Protein chains: 2
Amino acid sequence: MYKGHGDPNAMLYLENSQVPTALKETEVLVKMKMAPINPSDINMIEGTYHMLPQLPAVCGNEGVGEVLEVGSKVSSLVPGDWVIPAGTGFGTWRTVAVSDQEMLRKVPNDVPAISAATIMVNPCTAYRMLKDFVCLHEGDCVIQNGANSAVGQAVIQLAREWGFKTINVVRNRPDIDQLTGYLKSLGATHVVTEEFSRSHQMKDLIISMSSPPKLAFNTVGGDSATNILKHLDSKGAMVTYGGMSKKPVMVSTGALIFKRVRLIGYWNAKWVQENEENPELVRMFDDLFDLVRECKLLPPASETFSLKDFKLAVKSSLEGYKGSKKIFVMDDTL
Amino acid sequence: MYKGHGDPNAMLYLENSQVPTALKETEVLVKMKMAPINPSDINMIEGTYHMLPQLPAVCGNEGVGEVLEVGSKVSSLVPGDWVIPAGTGFGTWRTVAVSDQEMLRKVPNDVPAISAATIMVNPCTAYRMLKDFVCLHEGDCVIQNGANSAVGQAVIQLAREWGFKTINVVRNRPDIDQLTGYLKSLGATHVVTEEFSRSHQMKDLIISMSSPPKLAFNTVGGDSATNILKHLDSKGAMVTYGGMSKKPVMVSTGALIFKRVRLIGYWNAKWVQENEENPELVRMFDDLFDLVRECKLLPPASETFSLKDFKLAVKSSLEGYKGSKKIFVMDDTL
């Protein structure tokens, strides 16, 4: 939990609470199974996120739990069902939750728990960004920076499934060959470093494809964003969903006017909030879980932590993504 | 005319040509009346524009002429009709033109010639930018920089006519009061300097309005663009149609993601080219000429030049807009 905003290393504390002995009519008792640490969780603790809960708050916006008991008027859930939060701010970093049924979304319980625990933020972001901004056809190409992020990995897999090529820009690193191999195993068409993407060879690479990228995904900002913008096709769109470099996006007036590129943003928490009643939301989750079952949408590479090791997990998360998502596994040792 | 690209002061020359004695079946003989100097004309001579004619070329993309004679198979035009170019690259800085009827668009001849000569680029840009990107309702607000440009003046007048408020940002100057008075006489709701628009008073001004601007028009780029972006409402759009400062547009990733602003561009020459067959194009010209007749859309403040003084006119135009559009009036002295 956290009582005030600030450095997550300092603000978080463990609290033991008594679970109520009786559920209200529409309440559900959920045993949490797994919950990831996402950048938005960190930003919420820091107080820099654009949706903040009332304090004190249980941290964590995403995760999966199992229904243990339901109130007398709960009809949509039964014990044994798996649930994820219906919206943002649930507080998933806990062993047990009592929640109104309205706050929960039922998900299949025949998939890996880690997939269910991580489906709501990153795969949804990838799904919507591929679907909602440019009408892509089979063989079309997408370029993205931060391609080894959890969203990036989901983009690669969904694009492969839907017949789109991907150019994936990552920062150079000692184990670049291993990372390239991993992303290619997920379906990446090309994996290039930031340096390569600014070289003449990159131009040749783009020319070798049937057409330049029609869609770009930016989670970095600054020069990296400017750079993928340059490779975008006329009338292409760049969707910004993160700003890891903390630098703004820059675009020449000529690119806007004559190349007619568009710059837009995507905020998943807001999309989910605004589309609670939209059948498209149900269809998206159905699609995503079908792909999970077929092993066509793997969970991100991850490192798991016991909830009691929350300080270590958060510290590790603050040190950067480094190719593995930090995920809490709720055991019974607390 | 110009034979090669470079400094317009050096590249332009006057050429006398013989008008053919007989018109082909679908040709039209046009006596040009007036033609403005637009920034895109200058950029075409410089070779920096994104549509370039075959050289040598007659300069000028916009203007109005009167039909003197028509070929035997021309049915849509008769002598006495007024025409403007149907597309870009016509070459309007001349006294007489022989053109296929396809290259000409008939316009009313009961309006001031200066209005017909300047309707195609700037009022069309203002019209489309107000109509095509955000669905505005009466009382909604638009913010624009470079507000005393010809487009800016058309935006102010169309917005007044359609019930939209305008916040107009201009550079400070010795005669700022006079400029403010002029733009207000056209219907500007507020006229502010770049400096004012970065002050706390600007925030108060925005708060005093029923809602922040939903739409921004940028013809400057750089800090000026960043600044009007800051005043945009959530889910607002900034349309870039020029880049006078030659600096890029910068936007924070947070504005894209959390404020959900969109950055787009508008290129009028391309819109006209792609919408030749679109009934909306006819409707737009009808609307604009109706407003001209009702004196609700005035031509931009202008300074006129004889075509024989083209060197002076172009030099004057290169020195900056300075609140008056340079316009050639074709007399018989050449």
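Everything numeric here is computed off the predicted structure, so don't read it as measured data.
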Output the option from [options] having the highest count of non-hydrogen pairs under 4.5 Å with chain B.
| options | value |
| --- | --- |
| A:Lys246, A:His50, A:Lys259 | A:His50 |
| A:Thr253, A:Asn268, A:Thr226 | A:Thr253 |
| A:Arg262, A:Met238, A:Met51 | A:Arg262 |
| A:Tyr241, A:Tyr49, A:Tyr266, A:Trp267 | A:Trp267 |

A:Val261 versus chain B, the contacting section by heavy-atom distance below 4.5 Å: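 Only the backbone of A:Val261 comes within 4.5 Å of chain B.
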Heavy-atom proximity to chain B below 4.5 Å, by part of A:Phe258: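 For A:Phe258, backbone and side chain are both near chain B.
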A:Arg128 with A:Glu274: basic N within carboxylate O range, under 4.0 Å: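 A salt bridge is absent here (no side-chain N lies under 4.0 Å from a carboxylate O).
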N/O donor-acceptor pair under 3.5 Å between A:Asn227 side chain and A:Asp223 backbone: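 Flag not set: sc A:Asn227 to bb A:Asp223 has no pair under 3.5 Å.
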Main-chain N/O of B:Ala225 paired with B:Lys247 side-chain donor or acceptor, under 3.5 Å: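 No: the side chain of B:Lys247 does not pair with the backbone of B:Ala225.
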Verdict with supporting geometry, A:Ile37 and A:Trp93, side chain to side chain contact (heavy atoms under 4.5 Å, CB included): CA-CA 9 Å; A:Ile37 304 181; A:Trp93 299 359; 3.7 Å; yes
Flag for B:Thr240-B:Asn218: side-chain donor and acceptor within less than 3.5 Å: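 Yes - a donor-acceptor pair under 3.5 Å links their side chains.
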